[in-house]
Novice: 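Quick one: the structure is below, questions incoming.
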Amino acid sequence: MGKTIYLDYQASKPVDSRVVEAMLPYFTEKFANASSLHTDGDIATDALEESRQKIAEFINSQNPREIIFTSGATESNNLAIIGYALRNRRKGNHIIISEIEHISIHNIAKYLQKNGFEVSKVPVDFYGTVHPDKVQEKIRDDTILISIQYANNEIGTIQPVAEIGEIARERGIVYHCDAVAAEGIIPIDVVRDKIDLLTLSSNDIYGPRGLGVLYVRTGVMLTPIIIGGGQERGLRSGTEDIASIVGMAKAAEIVQETMEIERKRLTELRDYLIKNILEKIPKSYLNGHPKNRLPHNAHFRFDYIEGESLLLSLKDEGISIATGSACTSKTLEPSHTLISIGLLHEEAHGSLVVTMGRYTTREDIDKLIKVLPKIVEKLRKLSPLAD
Ligand code: PMP
């Protein structure tokens, strides 16, 4: 992991060395195309289908045919929402998302609006929770799709997915859930939660980057958005990347074995960090839900502080950490999630998000607890707004 203390696991995770090992033969010895009919092709097909089965088990899908491999979560979100909307336009042209969906979902919704669809956004409360009754209020006779995340990738709040799934199923509306922030740390069950379309990303479970999955429940019809040779049941053409697919399946197997222990370990570490930061730094606050949050996420905000300066000071201390949203921190816009929970622009800008993972230790967190109060104090002395 190099010399830095890495606390930005939501943005990117290292690939587990056991995953790399499982992938290696598929670059050199078992390199054939799964569409080829010869023996080497059969070996690739077997690996592909075995992996599909493992991913199906990971989310309790009842049929491996429901697993479609894509290039990542962004593509899965596109296929789910655009694919469903285009295929089912005659049933209605209204879709529902929440105000704090990932930027990819917001931009897909904008694209659909330009193409004649109507989109309603469900507001969230101060903790970032989407309340099922607020979802209910947005449903219309022409609603065909609801897309609401499993947990928020920025502030870590876990959503009541089973209740949302129940509402959608009762009304005959398809429910898409982006599970990227939650996968591998919270057990996902598409049957229990009545999820029809589910987005997964390989890297978020310590698998290779550039691979994702869309779970498509049997009977849910989509129009493909990538057209070609008809791979993945015609829903996602292009030669399958067997090495990465084998890697993701191995990654899923590992997280399934370790999830419970890891969830407990990270929850303790997270609560230890939150308690210490809020105690040691005056005018510091926790964003997101205090209890109902991802075990590896602690999202803080500090009065009179600029997140960027905080990030750079921590960088000097050898700590890699993010401000605002991991996916949009290269823009100057404040995070739409933080604005949606009711923060002012200046409050949103004073945020710092700590995301921990498999290789985070108590020593890493102790170092952060040691340096952060001093950095905040120093920066406040330079701020004209501080008392
Ligand atoms: N959904 C969520 C919740 C995310 O956090 C991200 C970014 N990690 C994405 C979708 C998009 O993932 P990718 O950039 O890997 O396609």
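Each ligand, and each atom within it, is numbered from 1 in the order the structure gives. Only a predicted model underlies this, so the values are computations on that prediction, with no experimental measurement involved.
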Novice: When you compare the side chain of Arg233 with that of Arg65, does any pair of heavy atoms fall below 4.5 Å?
Specialist: yes
Novice: Write down the atom of Pro295, the atom of Ile185, and the distance for their closest heavy-atom approach.
Specialist: CG-CG1, 3.7 Å
Novice: With side chains defined as the heavy atoms from C-beta onward, is the minimum distance between Tyr272 and Arg362 less than 4.5 Å?
Specialist: yes
Novice: Does Arg192 CZ have over 12 foreign heavy atoms under 6.0 Å away?
Specialist: yes
Novice: If you count the atoms of ligand 1 from 1 in the order shown, which ones are under 4.0 Å from a heavy atom of Asn153?
Specialist: 3 (C), 5 (O)
Novice: Please state which option from Asp178, Val180, Thr74 has its nearest heavy atom closest to atom 1 (N) of ligand 1.
Specialist: Asp178
Novice: Please classify the Ala73 to ligand 1 contact at 4.0 Å (heavy-atom distances, strictly less than): side chain, backbone, both or neither.
Specialist: both
